[in-house]
Each structure stands twice: as structure tokens, then as C-alpha cells.
Student: 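This structure is in C-alpha cells; I'll ask about it shortly.
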Amino acid sequence: MATMKDVARLAGVSTSTVSHVINNNRFVSDAVRKKIEAAIGELNYAPSALARSLKINQTRTIGMLLTASSNPFYAEVVRGVENSCYERGYSLVLCNTEGNEDRMNRSLETLMQKRVDGLLIMCTESQLPSADILTRYPSIPSVMMDWAPFEGGSDIIQDNSLLGGELATTYLISRGYTRIACITGPLDKTQARLRLDGYKKAMQAAGLPVLPGYIVEGDFEFHGGVNAMNQLLTLSEAPQAVFTNNDAMAVGVYYALYQAGITIPQDIAVMGYDDIELARYMTPPLTTIHQPKDALGKLAIDTLIQRLGAPGAGQQTLVLTPELVERHSVADI
């Protein structure tokens with residue numbers, strides 16, 4: 001494999017001149033540039049990204065730890081992260097943890113050893129990444145995305161799930177619903193607990209009781225919505241509306257109601273959370289709480305880059321504000 005020295009020797013110039021042509025960072029005369037380009041073509045030379053990263057102590061690479069899921073929310077967040085990386089001249093290395101603590105920490109160690117410039121962590125499992133591994137690489141900044149507060153130096157970006165849960169439930173109440181059920185995410189996850197707390201807060205503020213059996217724990221996946229809705233349908237007094245703590249489970253709720261011959265919103269209203277792209281194409285289109293997924297990705301990358309420039313700055317916790325998106329799965333009663 002040809003090296004920069006080989007190119008310089010063939011072109012009869014210094015290696016620094018070859019570097020200036022390749023990186024286009026200094027003036028080089030057209031005649032010399034053509035000689036170097038001809039030598040590059042003849043030798044089939046390709047610059048080494050590894051050699052460059054060792055020289056400048058940057059890889060222009062961001063690592064991301066993510067738990068794979070059928071929930072489209074995560075794919076949309078990754079798309080936002082990837083677009084932001086591309087716009088800023090970075091590459092993204094994505095590692096799927098599969099919800100396994102050992103796999104998460106092995107992937108974390110691998111990314112750190114490869115000297116990524118920064119790390120994004122978006123894992124919904126209850127295990128935390130190894131503080132020992134993060135501590136061994138103090139120069140590599142990390143951002144926790146959509147997670148509970150973390151006892152470490154990582155910056156944190158979160159959705160305001162308490163406000164979102166309250167906003168969703170208050171909207172249902174404003175449309176005349178009084179018997180409102182809540183399908184939660186796994187309650188060992190902070191975001192699921194906060195959305196449930198927001199639901200309870202809104203019900204209490206309106207003086208409405210949470211009827212027995214009206215809170216069902218789901219799993220943030222499609223099938224969890226099916227199972228939870230089927231459980232609600234066994235109650236002697238069916239809910240008028242269901243606040244589903246994410247859109248993936250709302251898809252499952254739609255399926256369960258379709259199987260039962262129940263119409264949305266005429267028989268039961270459905271409220272989602274996340275505003276995934278699919279939500280607007282459901283029948284009827286899903287009323288939901290919008291999480292700014294593109295903004296989440298952009299903010300995560302911006303925060304990492306800011307941290308690279310100011311490694312000694314204090315830890316940040318950035319909170320994104322959820323917004324209601326009205327569609328047709330909720331009606332007045």
C-alpha cells in the first residue's frame with residue numbers, strides 16, 4: 001500500500017507539500033499540484049484517516065450506545081443524530097446494546113478504545129453504563145439522552161415527561177372525558193414513572209378518580225399496547241379514553257380495539273406520546289405529545305462539540321419541552 005512518502009518521492013516534492021494538496025489547506029502552485037495528483041493516481045494512494053487522527057488527536061467520530069427496539073422513536077432520533085453529525089463533518093458509530101448490561105459495557109469499552117471524540121448514550125434499560133470505564137477516559141465527553149439523572153460528569157438531555165403526561169391527560173379532560181385509563185411504560189424507567197405522575201397530577205387537579213384497574217403497566221413496544229388494551233377491555237366499566245405512554249404502544253392499542261370491533265374515537269379516545277412519523281398516517285391520525293426528535297439529535301451533537309471546546313465546564317442538564325399535537329383520535333363528548 002502506497003504511503004504519502006511514496007507520493008512525495010515520485011512527485012519530487014516534500015511530504016508536507018503532498019499533505020497541503022490532500023488537505024487543501026495551503027497554497028500550492030498548479031504545476032506542483034498536477035504532479036502530486038498524477039503521482040497519487042499512479043500509485044493509487046488513499047489517505048489514512050487513522051494516521052491523520054493520530055496526528056491531530058481527533059477522529060471526527062461520535063460513538064452512540066442505543067438499545068434496539070421495534071419502537072420507531074429510536075430510529076427517528078438516530079436519524080436526527082446522523083444528520084447532525086454529517087452537517088458538522090463527523091461520522092457516527094452506532095452500537096446496539098440489546099438491553100444487555102454486559103454487551104453495553106463491552107461496546108462502551110470498544111468505542112472508548114477507538115478514541116471516539118464524544119459519546120452519546122441512549123439506553124432505556126435500567127442498568128447504568130460502567131462508571132469505571134467512563135472514568136478511564138476522562139477526555140472523552142459523553143451525553144446521556146432521554147435518561148434519568150446520572151451520577152457522573154455526563155451532560156444530560158431529557159424530555160420533560162412529567163409535563164408531557166400532565167399535558168396529555170389535561171387535554172383529554174378538556175374534551176369531556178372523565179374515565180381515563182393510563183398505559184404506562186416499564187415502571188423501572190424514570191420517563192415512564194414521570195408520565196404516569198403527570199397523568200395522576202392532572203386527574204387529581206380535575207377532581208377525577210383513577211378507577212381500579214385503570215393503570216396498566218406496558219413495555220413501550222407494540223405488543224405491550226395490545227396486551228394492556230385487552231386487559232382494560234375486561235373491566236366491568238370500560239374507559240372512555242386511554243393515555244398511552246408512547247406511540248408504539250398506541251399502535252398496539254389501535255390493533256386491540258380493531259380486533260374488538262371498537263371505533264376510535266367514537267367508542268374510546270386514544271392519546272399517544274412521542275409523535276413518531278407513523279402517528280399521522282394511522283387511522284384515525286393519532287393525537288399525541290410531540291417530542292422534538294431532530295432537535296434532540298442536534299442538541300446532543302452540539303453539546304458534545306461544545307464540551308470538546310470547553311472540557312472544564314460544569315455538567316449541564318437540558319430539558320426539552322413537549323407539545324400537544326391534535327389529530328383525530330380524540331373527540332368531544
Side-chain angles (χ1 to χ4, degrees), residues 66-78 98-99 122 124-126 146 159 161 164-165 167-169 171-172 177 179-196 198-199 210-211 213-235 237-291 293 322 324-331:
L66 179 77
T67 294
S69 168
S70 61
N71 183 357
F73 170 78
Y74 297 104
E76 293 180 24
V77 171
V78 170
E98 289 286 359
M122 192 173 189
T124 58
E125 62 266 27
S126 56
D146 199 32
D159 162 55
S161 287
L167 189 64
T169 310
Y171 177 73
L172 290 171
Y177 298 96
R179 300 198 312 275
I180 303 171
C182 181
I183 299 175
T184 77
L187 292 177
D188 61 342
K189 310 294 188 289
T190 299
Q191 303 306 327
R193 292 196 301 272
L194 288 174
R195 290 172 197 179
L196 174 60
Y199 158 80
V210 176
L211 299 178
Y214 268 43
I215 296 174
V216 181
E217 184 173 354
D219 60 2
F220 280 151
E221 304 290 343
F222 296 122
H223 61 83
V226 176
N227 296 338
M229 191 66 241
N230 283 333
Q231 184 174 330
L232 288 170
L233 291 177
T234 65
L235 298 174
E237 189 171 27
Q240 300 166 315
V242 179
F243 167 37
T244 309
N245 279 191
N246 76 345
D247 289 351
M249 290 192 300
V251 173
V253 167
Y254 269 49
Y255 181 75
L257 294 176
Y258 167 76
Q259 291 288 93
I262 295 172
T263 305
I264 305 168
Q266 290 86 347
D267 299 322
I268 294 181
V270 180
M271 166 71 71
Y273 200 111
D274 284 341
D275 193 26
I276 60 175
E277 189 172 355
L278 177 62
R280 72 188 67 184
Y281 300 110
M282 294 165 67
T283 305
L286 179 66
T287 298
T288 187
I289 300 297
H290 174 74
Q291 283 207 70
K293 296 170 286 297
L324 176 73
V325 178
E326 297 183 64
R327 296 196 179 102
H328 304 297
S329 63
V330 177

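Values reported hereafter were calculated over all heavy atoms of this structure, with side chains retained and with hydrogens, waters and symmetry mates removed. Note that this is a predicted model, so its numbers are computed, not measured.
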Student: Taking the side chain as every heavy atom from C-beta outward, state whether I268 and L233 have any pair of such atoms under 4.5 Å apart.
Tutor: yes
Student: Locate the shortest heavy-atom distance separating A192 from N245; write the atom from each residue and the value.
Tutor: O-OD1, 3.8 Å
Student: What heavy-atom pair brings A250 and L286 nearest, and what distance separates the two atoms?
Tutor: CB-CD2, 3.8 Å
Student: Please check: side-chain N/O of S329 versus main-chain N/O of A269, any donor-acceptor pairing under 3.5 Å?
Tutor: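 Flag not set: sc S329 to bb A269 has no pair under 3.5 Å.
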Student: Look up atom OG1 in T244 and atom CE in M249, then write down how far apart they are to the nearest 0.5 Å.
Tutor: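 The CE atom of M249 is 6.5 Å from OG1 of T244, to the nearest 0.5 Å.
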Student: With side chain to side chain contact (heavy atoms under 4.5 Å, CB included) as the test, pick out the partner of L257 among N230, I264, L232, V226.
Tutor: I264
Student: Taking side chain as C-beta onward, heavy atoms only, is V77 less than 4.5 Å from F73?
Tutor: yes
Student: Report yes if the side chains of P322 and Q291 come closer than 4.5 Å at any heavy-atom pair, otherwise no.
Tutor: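 Not touching, per the 4.5 Å side-chain cut-off.
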Student: Report the residues that fulfil side-chain hydrogen bond (donor to acceptor under 3.5 Å, both in side chains) with Y171, sequence neighbours left out, ordered by chain and then residue number.
Tutor: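 For Y171, the residues satisfying side-chain hydrogen bond (donor to acceptor under 3.5 Å, both in side chains) (neighbours in sequence not counted) are R175, E326.
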Student: I'd like to check the side chain to side chain contact (heavy atoms under 4.5 Å, CB included) partners of T263; sequence neighbours left out, ordered by chain and number.
Tutor: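 So T263 forms a side chain to side chain contact (heavy atoms under 4.5 Å, CB included) with Q266, D267.
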Student: Examine distances only and state if a side-chain atom of Y214 and a backbone atom of I183 form a donor-acceptor pair shorter than 3.5 Å.
Tutor: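 A pair under 3.5 Å: no.
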Student: With rounding to the nearest 0.5 angstrom, report the OH to OG1 distance, Y254 to T283.
Tutor: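 Answer rounded to 0.5 Å: 8.0 Å.
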Student: Do the side chains of R327 and D275 get nearer than 4.5 Å, heavy atoms only?
Tutor: yes
Student: Any side-chain heavy atom of Y273 sitting closer than 4.5 Å to one from S161?
Tutor: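 Side chain of Y273 against side chain of S161, heavy atoms only: contact under 4.5 Å found.
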Student: Which pairs pass salt bridge (Lys or Arg N to Asp or Glu O under 4.0 Å) with one or both residues in residues 237-263, sequence neighbours excluded?
Tutor: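 Applying salt bridge (Lys or Arg N to Asp or Glu O under 4.0 Å) to every pair that reaches into residues 237-263, excluding sequence neighbours, yields R179-E237.
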Student: Sequence neighbours left out, what pairs pass salt bridge (Lys or Arg N to Asp or Glu O under 4.0 Å) with at least one residue falling in residues 277-290?
Tutor: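 Sorted pair list: R79-E277.
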Student: Run the numbers on T184 and Y199 for side-chain contact (heavy atoms from CB on, under 4.5 Å), then give the verdict.
Tutor: CA-CA 10 Å; T184 77; Y199 158 80; over 6 Å; no
Student: Can you list everything that forms a side-chain hydrogen bond (donor to acceptor under 3.5 Å, both in side chains) with N71? Sequence neighbours excluded, please.
Tutor: none
Student: Can you check whether N227 reaches D219 side chain to side chain, under 4.5 Å on heavy atoms?
Tutor: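 A side-chain contact is absent here, since even the closest heavy-atom pair is not under 4.5 Å.
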Student: Does any part of the side chain of D159, heavy atoms only, come nearer than 4.5 Å to the side chain of R195, both counted from C-beta?
Tutor: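 They are in contact (side-chain heavy atoms under 4.5 Å apart), so the answer is yes.
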Student: Please tell me if the side chains of L66 and Y74 come closer than 4.5 Å, counting only heavy atoms from C-beta onward.
Tutor: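 Of all side-chain heavy-atom pairs linking Y74 with L66, at least one is under 4.5 Å.
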Student: So, taking the atom named CZ in F243 and the one named CG in L196, what distance separates them when rounded to the nearest 0.5 Å?
Tutor: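 Going from CZ on F243 over to CG on L196, the span is 9.0 Å.
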Student: Could you check whether any side-chain N or O of K293 sits under 3.5 Å from a backbone N or O of A75, counting only pairs where one atom can act as donor and the other as acceptor?
Tutor: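 Not at all, since once roles are kept as given, no pair shorter than 3.5 Å links the two residues.
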Student: Identify the heavy atoms of L167 and L324 that sit nearest to each other, and give their distance.
Tutor: CD2-N, 3.7 Å
Student: Looking only at non-hydrogen atoms, find the nearest pair between F220 and P186 and report the distance.
Tutor: CD1-CD, 3.5 Å
Student: Could you pull out all residues at least two apart from Q240 that satisfy side-chain hydrogen bond (donor to acceptor under 3.5 Å, both in side chains)?
Tutor: T178
Student: For the atom pair CE (M282) and OG1 (T287), what is the distance rounded to the nearest 0.5 Å?
Tutor: 10.5 Å
Student: Taking all atoms of both residues into account, what is the closest heavy-atom pair of G225 and V253, and its distance?
Tutor: O-CG2, 3.7 Å
Student: First locate atom CG of L194, then atom CD of Q191, and finally report the distance between them rounded to the nearest 0.5 Å.
Tutor: 6.0 Å
Student: Report the distance from atom OH of Y177 to atom OG1 of T169, rounding to the nearest 0.5 Å.
Tutor: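 The distance works out to 13.5 Å.
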Student: What are the two closest heavy atoms between D274 and T288, and how far apart are they?
Tutor: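 Reported closest heavy-atom pair: N-OG1, 3.6 Å.
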